[in-house]
Amino acid sequence: MSKQPYPKLLMVVGPTASGKSELAIQIAEKIPAEIISADSRSFYRELRIGVAKPSLQDRKRAIHHLIDVGSIDAPWSLGQFQKETSKLVKQISARQKLPILVGGTGQYMRAISENWEVPELVADEKLRNAIQHWGECIGFNELHEKLKVVDPVAAAGIDFRNHRRTIRAFEVLLISGKRFSEQRRAGEAAYDLMTIGLEWNREALYARVDERIRRMFENGLAAEVHDLAAAGKAEQMRRIGVIGYSEVLDYLEGKHSLEEAIRLIERNTRKFIRHQSNWFKADDPSIEWFKANDPELMHNVLGHIQDWLSK
RNA sequence: GCCGAGUUAGCUCAGUUGGUAGAGCAUUCGACUGAAAAUUGAAGGGUCCACAGUUCGAGUCUGUGACUCGGCA
């Protein structure tokens, strides 16, 4: 008997509103599989309509993991996500089922596919604020100069205008006592991976996004945000910075009209899609792209998966 | 009809005493291993309403016309 190979893991990637979730569910209806959500906004049980979570009905069609597992009072980190995901992949594999990781959060997907080593370390809000304050006092150029002294490798990779990443490099150094740059390494391969991507024509996808946003409002996004704010969660919503919620909050607080809020959500979602395509590129050799509009989509995808599983 | 203001990038607008144009947003491409729906870099894009005049040279000055907005009849 040969040594147990790496567990198989199917990843489904693509921009927001591309139909990843539905595709994953359809796969899970055809072959024994369970879905792990790698969506950095679906962890939170308080967020519903605005993050386009799979419906309860969808969750009956297939088993979903990492949805509604946390609260916006205690945001998840990359390390936490990674730990939970590897645990789940093991469990699902042990049940003789295929784990399917579905998500549009590039950093999270990459952390799994490249098996980044992300030490677990609790974010220190106070320290962050202190470093931020320090930067404001001496100037962020100067802060970046100081980073060059203590961690030149990290400084070289961070634009001096990018305050946030400069702050993070200091935060990591101060908490862990080790340089940010020394902790960047990919681990060994952990999974037998296949990644399928859903490909859209930009214009068609933008139109789909606008339609989805319209439906979110029909389904009561404004009421959801209103209720969360009434429950004292406005600050948490803003801190997490999730598209749809901040814009509606501003509308509820009278900073702009509802039409303006919708316009901003459309704009920010488009920007998000463009940023996502930096992580999931059309010429990435590790991604098998499928045209999302193709009527043969499911047939093509299933064929591909069967070939891979039989290997 | 008269008076005034305006017409410059896809949109909203800057443009100093005349030297062939800028910003923000949008669009596109990129960076990113401890916040990532975050943070951040770059690029493309203009017969400056039209025609005529003054000038070595006009987005800028003069005239005429077109269109838009406001006020008065």
Side-chain angles (χ1 to χ4, degrees), chain A residues 15-18 37-44 47 50-53 70 72 74-83 103-129 131-132 135 140 144 151 153-187 202-203 206 209 212-213 216 236-248 260 263-284:
Chain A
T16 192
S18 59
S37 164
D39 183 325
S40 69
R41 293 302 178 263
S42 291
F43 302 145
Y44 308 113
L47 309 178
V51 296
K53 270 182 201 164
I72 55 176
W76 272 45
S77 68
L78 177 62
Q80 196 173 358
F81 161 77
Q82 216 186 7
K83 199 176 101 185
T105 306
Q107 188 193 34
Y108 283 44
M109 297 300 268
R110 193 66 63 79
I112 298 298
S113 65
E114 294 181 357
N115 196 22
W116 292 349
E117 285 181 18
V118 180
E120 283 218 62
L121 211 135
V122 182
D124 188 335
E125 202 86 16
K126 271 189 191 159
L127 180 60
R128 266 178 205 171
N129 290 338
I131 301 168
Q132 165 96 27
F140 280 94
H144 192 264
D151 188 348
V153 177
I158 300 173
D159 191 284
F160 71 93
R161 282 159 290 207
N162 196 335
H163 302 175
R164 190 131 158 191
R165 291 185 47 71
T166 308
I167 291 170
R168 174 176 290 159
F170 272 107
E171 183 195 9
V172 171
L173 176 70
L174 291 171
I175 292 183
S176 67
K178 279 191 280 184
R179 289 194 187 98
F180 186 59
S181 59
E182 283 171 2
Q183 303 187 39
R184 328 169 128 220
R185 51 177 178 272
R202 252 315 142 72
E203 212 171 318
Y206 285 172
V209 161
R212 182 156 98 169
I213 291 167
M216 283 177 181
Q236 288 90 325
M237 277 189 274
R238 286 200 193 278
R239 196 174 54 208
I240 286 184
V242 39
I243 295 172
Y245 290 75
S246 318
E247 297 88 343
V248 172
E260 180 68 359
R263 206 182 61 79
L264 287 171
I265 294 171
E266 289 171 355
R267 195 186 89 187
N268 292 334
T269 307
R270 287 168 191 220
K271 200 184 275 187
F272 175 44
I273 286 172
R274 273 179 261 128
H275 281 166
Q276 283 178 306
S277 62
N278 272 324
W279 292 95
F280 312 120
K281 287 186 203 288
D283 59 1
D284 185 335

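Values reported hereafter were calculated over all heavy atoms of this structure, with side chains retained and with hydrogens, waters and symmetry mates removed. Residue numbers start from 1 in every chain, and the chains themselves are labelled A, B, ... in the order their sequence lines are given, proteins ahead of strands.
The distance between atom CZ of R270(A) and atom C1' of C25(B), rounded to the nearest whole Å, is 13 Å. In this entry the distance linking CD of Q236(A) with C1' of A35(B) reads 15 Å, nearest Å. To the nearest angstrom, P of A35(B) lies 11 Å from OH of Y44(A). Spacing between atom CG of D39(A) and atom C1' of A35(B) amounts to 16 Å, rounded to whole angstrom units. Taking atom CD1 on I167(A) and atom P on A35(B), their separation rounds to 12 Å, with Å as the unit. In this structure, F160(A) atom CZ and U39(B) atom P are separated by 18 Å, rounded to whole Å. G30(B) atom P lies 17 Å from atom CZ of F272(A), rounded to whole Å. Atom CH2 in W76(A) sits about 15 Å away from atom P in A37(B), given to the nearest Å.
Side chains of Y245(A) and V51(A) form a contact here, defined as non-hydrogen atoms less than 4.5 Å apart. Under the 4.5 Å side-chain criterion, counting only non-hydrogen atoms from C-beta, I273(A) is in contact with V209(A). Put simply, the side chain of L173(A) does not reach to within 4.5 Å of the side chain of D151(A), judged on heavy atoms. Within the 4.5 Å cutoff, the side chain of Q236(A) has no heavy atoms near those of the Y44(A) side chain.
For Y108(A), a side-chain nitrogen or oxygen approaches OP1 or OP2 of A36(B) to under 4.0 Å. For G30(B), the OP1/OP2 oxygens have a side-chain nitrogen or oxygen of N278(A) closer than 4.0 Å. A close approach under 4.0 Å does occur between a side-chain nitrogen or oxygen of R267(A) and OP1 or OP2 of A26(B). Residue R165(A) places none of its side-chain N or O atoms closer than 4.0 Å to OP1 or OP2 of C32(B). Not one side-chain nitrogen or oxygen of R239(A) sits closer than 4.0 Å to the OP1 or OP2 atom of A38(B). One finds a side-chain N or O of T105(A) lying less than 4.0 angstrom from the OP1 or OP2 phosphate oxygen of A37(B). Phosphate proximity of A35(B) to R128(A): present, with a side-chain N or O under 4.0 Å from OP1 or OP2.
Checked for salt-bridge contact, E260(A) and R263(A) meet the test: a charged N lies under 4.0 Å from a carboxylate O. Salt bridge R161(A)/D159(A): present, at least one basic N to carboxylate O contact under 4.0 Å.
Within the 4.0 angstrom heavy-atom criterion, no nucleotide atom of any strand lies near N268(A). K281(A) comes within 4.0 angstrom of the backbone, heavy atoms only, and of no base. Using a 4.0 Å heavy-atom distance criterion, R161(A) is classed as a sugar-phosphate-only contact.
Among the candidates R41(A), R212(A), Q276(A), the single residue satisfying the side-chain hydrogen bond (donor to acceptor under 3.5 Å, both in side chains) test with T16(A) is R212(A).
Here the side chain of F180(A) is nearest to one of A35(B), U33(B), A36(B), namely U33(B). Checking G41(B), C29(B), C32(B) against every side-chain atom of R202(A), the shortest atom distance belongs to C29(B). Comparing U28(B), U39(B), A42(B) by their nearest atom to the side chain of Y206(A) picks out U28(B). The nucleotide whose nearest atom lies closest to any side-chain atom of H275(A) is, among A37(B), G30(B), U33(B), G30(B).
Taking atom P on both nucleotides, C67(B) is separated from G15(B) by 27 Å, rounded to a whole Å. Comparing the P positions of G4(B) and G45(B) gives a spacing of 40 Å, expressed to the nearest Å. Between the P atoms of A9(B) and G18(B), the separation comes to 23 Å (whole Å). Spacing of C1' atoms, A23(B) relative to A73(B), comes out at 42 Å, to the nearest Å. Look at the C1' atom in both U7(B) and A14(B): the space between them is 15 Å, to the nearest Å. Rounded to whole Å, the separation between the C1' atoms of U12(B) and C51(B) comes to 29 Å. A43(B) and G6(B) have their C1' atoms separated by 32 Å, with the value rounded to a whole Å. G41(B) and C48(B): their C1' atoms are spaced 30 Å apart (whole Å).
With rounding to the nearest 0.5 Å, the separation of CZ in R168(A) from CD1 in I131(A) is 11.0 Å.
Comparing P75(A) and K271(A) along RNA chain B, the residue whose closest nucleotide (by nearest heavy atom) sits nearer the 5' end is K271(A).
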Secondary-structure notation, RNA chain B, from Watson-Crick and G-U pairs under 3.5 angstrom (| other strand):
(((((((..((((.....[..)))).(((((.......))))).....(((((..]....)))))))))))).

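A parallel orientation is assigned to the rings of H163(A) and F140(A), their planes being inclined by less than 30° (bins at 30° and 60°).
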Could you walk me through whether W116(A) and Q107(A) pass the side chain to side chain contact (heavy atoms under 4.5 Å, CB included) test, one step at a time?
CA-CA 10 Å; W116(A) 292 349; Q107(A) 188 193 34; 3.6 Å; yes

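Not a single donor-acceptor pair, N or O on each side, falls under 3.5 Å between the base of U40(B) and the side chain of D159(A).
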